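Because the structure is a prediction, the values reported are computed rather than measured.
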Amino acid sequence: MLAGYWKYVVLSIALAAASPISPSLRASADRGGILVGTAVRPEQLSEPAYAATLAHEFNLLEPEDAMKWEVLHPAPETFDFTQADRIVPFAAQHNMKVRGHTLVWHQQNPKWLTEGRYTPDQLAQILEKHVKTVVGHYRGKVFAWDVVNEAFDERVVGKFRRTIWYDQPGIRRARKGSSYIEDCFRWAHEADPAALLFYNDAEAEAMNPKSDEIYAMVRDFRRRGVPIDGVGLQMHISNLHPDIPSISENIDRFTALGVQVHITEMDVALPVDADGNAEAEDLQLQAEIYRNIAAACLSHPGCTAIQTWGFTDKYSWIGSHSKRTQGAALLFDRNYRPKPAYDALRSVLERSRHR
Ligand code: 9MR
């Protein structure tokens, strides 16, 4: 009897010591049925602090670059899944879901493709094979795909971006609006009918001409039975005063079409000094932005995932992209210490269990 009691006490102490006093992001999110995720890079998985934080805090991940064409498809007849195949088992081992990113984009494509002078027919075959091979390889392992990324032009309102896939030379559907995008969704659906298929874009978070175009495309796809399940709003924020009501209204109209919304690439870039440090005041402002965006998402049952573009300021695309003038954009600092933004996000996730 006594032995049993002491076993119980020792076990409780061990459990209490193993779990931090406040729940992790994922513990809070799990209770509300929410996905909280991050982009990841395979080369960092061998760093203990990186791997431990990732597994402890998130229930969703997405390869930041490892599923892009230049990595996965280095030669016309060669697919190389080595990098992404380090990430996907990590997710399975830690009971995390995987978003796939991305099957069709105008960047990070291999030279054999961009300089290959293919005809539209050849290109269509190449793209179909790529989509079906990649989605097929990860069938049952990747639960949601960014099928097409950033197909709308940010400079010319209402225009599709001029890319190898659309009209340079395009895949048989040159200048026929969204029809090349439709083909890609159909190919992906054939390869894994259970995967959720997303259209993902930047600068379409709020109500604006670009999000209007995307909305019109998604509405048309839904009406005609094109297999689209969701819209990814990237949420790279560098203006510290995002229009939250407008973002909320945009989420509202997409979810009203019956598709899910995922926040897919959130970060909030701050001005930084030469050492990469931001002002304390800006870190508070950043926390409020994370709080407000998360709350806007979670106020809609159809907004089901909040994902950041990396989680530690040690590794973020913002530094090199801004020539080191901006940074500190994520939830953890360079030493994996949670920032005010982390606490803000967690408090919203905590409340989400009542939604
Ligand atoms: O974070 C990615 C970075 O490592 C790459 O060098 C870059 C190439 O353009 O792409 C970054 O990720 C982008 C994502 O795939 C699509 N949306 C914009 C992201 C930031 O540029």
Could you check whether [X] pairs with [Y] (Lys NZ or Arg NE/NH1/NH2 to Asp/Glu carboxylate O, under 4.0 Å)?
{"X": "E150", "Y": "K210", "value": "no"}
{"X": "K314", "Y": "E47", "value": "yes"}
{"X": "K339", "Y": "D313", "value": "yes"}
{"X": "D167", "Y": "R162", "value": "yes"}

Quick one: pull up [atom1] in [X] and [atom2] in [Y] and give me the separation to the nearest 0.5 Å.
{"X": "R173", "Y": "S178", "atom1": "CZ", "atom2": "OG", "result": "10.0 Å"}
{"X": "T114", "Y": "I164", "atom1": "OG1", "atom2": "CD1", "result": "6.0 Å"}
{"X": "I263", "Y": "C303", "atom1": "CD1", "atom2": "SG", "result": "4.5 Å"}
{"X": "D153", "Y": "K159", "atom1": "CG", "atom2": "NZ", "result": "9.0 Å"}
{"X": "I171", "Y": "Q125", "atom1": "CD1", "atom2": "CD", "result": "11.0 Å"}
{"X": "T325", "Y": "L270", "atom1": "OG1", "atom2": "CG", "result": "11.5 Å"}

Derivation and outcome, ring-ring contact (aromatic ring centres under 6.0 Å, His included), residues Y342 and Y290
CA-CA 8 Å; Y342 170 93; Y290 273 99; over 10 Å; no
Using side-chain heavy atoms (C-beta onward) and a distance below 4.5 Å, is [X] in contact with [Y]?
{"X": "W105", "Y": "D146", "answer": "no"}
{"X": "R161", "Y": "H106", "answer": "yes"}
{"X": "P169", "Y": "L123", "answer": "yes"}
{"X": "H321", "Y": "S316", "answer": "no"}
{"X": "V147", "Y": "T102", "answer": "no"}

Centroid-to-centroid, [X] to [Y], below 6.0 Å?
{"X": "H94", "Y": "F90", "result": "yes"}
{"X": "H236", "Y": "W317", "result": "yes"}
{"X": "Y138", "Y": "F81", "result": "yes"}
{"X": "F221", "Y": "Y199", "result": "no"}

Within a 6.0 Å radius of atom NZ on K141, are there more than 12 heavy atoms belonging to other residues, nucleotides or ligands?
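For K141, atom NZ is not crowded (no more than 12 foreign heavy atoms under 6.0 Å).
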I'd like to know whether CG of N95 has more than 12 heavy-atom contacts from other residues, nucleotides or ligands below 6.0 angstrom.
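For N95, atom CG is not crowded (no more than 12 foreign heavy atoms under 6.0 Å).
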Side-chain donor/acceptor of [X] to backbone N/O of [Y], under 3.5 Å:
{"X": "T78", "Y": "P74", "answer": "no"}
{"X": "S352", "Y": "L349", "answer": "yes"}
{"X": "S246", "Y": "M207", "answer": "yes"}
{"X": "T38", "Y": "G310", "answer": "yes"}

Before giving the answer on side-chain contact (heavy atoms from CB on, under 4.5 Å), spell out for I293 and M235 the whole-Å C-alpha distance, their side-chain angles and the decisive distance to 0.1 Å.
CA-CA 9 Å; I293 297 286; M235 213 64 78; 3.8 Å; yes
Sorted by chain and residue number, the ring-ring contact (aromatic ring centres under 6.0 Å, His included) partners of Y118 (sequence neighbours excluded) come out as none
Is it true that [X] and [Y] fall in one hydrophobic cluster, defined by side-chain heavy atoms closer than 4.5 Å?
{"X": "V134", "Y": "L197", "answer": "yes"}
{"X": "L257", "Y": "F185", "answer": "yes"}
{"X": "M217", "Y": "Y180", "answer": "yes"}

Write out all pairs satisfying salt bridge (charged side-chain N to carboxylate O under 4.0 Å, His left out) with one or both partners inside [range], taking only residues at least two apart or from two chains.
{"range": "residues 214-243", "answer": "E182-R224, D220-R224"}
{"range": "residues 253-267", "answer": "D212-R253"}
{"range": "residues 283-303", "answer": "E288-R291"}

Is it the case that K97 places NZ or CZ above or below the six-membered ring of F143, under 6.0 angstrom from the centre and within 45 degrees of the axis?
yes
Please evaluate residues R175 and Y166 with respect to the criterion side-chain contact (heavy atoms from CB on, under 4.5 Å), reporting the C-alpha separation (whole Å), side-chain torsions for both, the decisive distance (0.1 Å), and the verdict.
CA-CA 7 Å; R175 297 180 177 276; Y166 177 54; 4.1 Å; yes
When the ring planes of Y336 and Y50 are compared, do they come out parallel, tilted or perpendicular, using 30° and 60° as the limits?
perpendicular
Closest non-hydrogen atom pair, A287 against A344:
O-CB, 3.3 Å
Of L331, I237, L330, the residue whose pairing with V268 passes side-chain contact (heavy atoms from CB on, under 4.5 Å):
I237
Identify which one of E350, R346, E57 satisfies the side chain to side chain donor-acceptor pair (under 3.5 Å) criterion when paired with S28.
E350
Given the rule in the side-chain contact (heavy atoms from CB on, under 4.5 Å) test, do F79 and K129 qualify, once you have shown the distances and angles that lead to the verdict?
CA-CA 11 Å; F79 285 87; K129 182 174 158 197; 4.1 Å; yes
Got a list of side-chain donor-acceptor pairs under 3.5 Å for residues 58-73, not counting sequence neighbours?
from : atom 1 : to   : atom 2 : distance (Å)
N59  : OD1    : V36  : N      : 2.7
N59  : ND2    : D30  : OD1    : 2.8
N59  : ND2    : I34  : O      : 3.1
E62  : OE1    : R99  : NH1    : 2.7
E62  : OE1    : Q307 : NE2    : 2.9
E62  : OE2    : H101 : ND1    : 3.4
E64  : OE1    : R41  : NE     : 3.2
E64  : OE2    : R41  : NH2    : 2.9
D65  : OD1    : K68  : NZ     : 2.7
D65  : OD1    : Q108 : NE2    : 3.1
K68  : NZ     : E64  : O      : 3.1
K68  : NZ     : Q108 : OE1    : 2.7
W69  : NE1    : L103 : O      : 2.8
W69  : NE1    : H130 : NE2    : 3.2
E70  : OE2    : Q108 : NE2    : 3.4
H73  : ND1    : H130 : ND1    : 2.9
H73  : NE2    : P76  : O      : 3.1

Evaluate the side-chain contact (heavy atoms from CB on, under 4.5 Å) criterion for residues Q260 and T255: first the C-alpha distance (whole Å), next the side-chain angles of each, then the deciding distance (0.1 Å), finally the verdict.
CA-CA 6 Å; Q260 297 185 37; T255 53; over 6 Å; no
Between [Y] and [X], is there a side-chain donor-acceptor contact under 3.5 Å, judged purely by atom types and distance?
{"X": "E43", "Y": "Y315", "answer": "no"}
{"X": "N208", "Y": "S211", "answer": "yes"}
{"X": "N200", "Y": "T264", "answer": "yes"}

Can you list the steps and then say if Q234 with E203 is a side-chain hydrogen bond (donor to acceptor under 3.5 Å, both in side chains)?
CA-CA 8 Å; Q234 292 187 5; E203 287 147 22; over 6 Å; no
Does D252 have any salt bridge (charged side-chain N to carboxylate O under 4.0 Å, His left out) partners at least two apart in sequence or in another chain, and if so, which?
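With neighbours one apart ignored, the set is empty.
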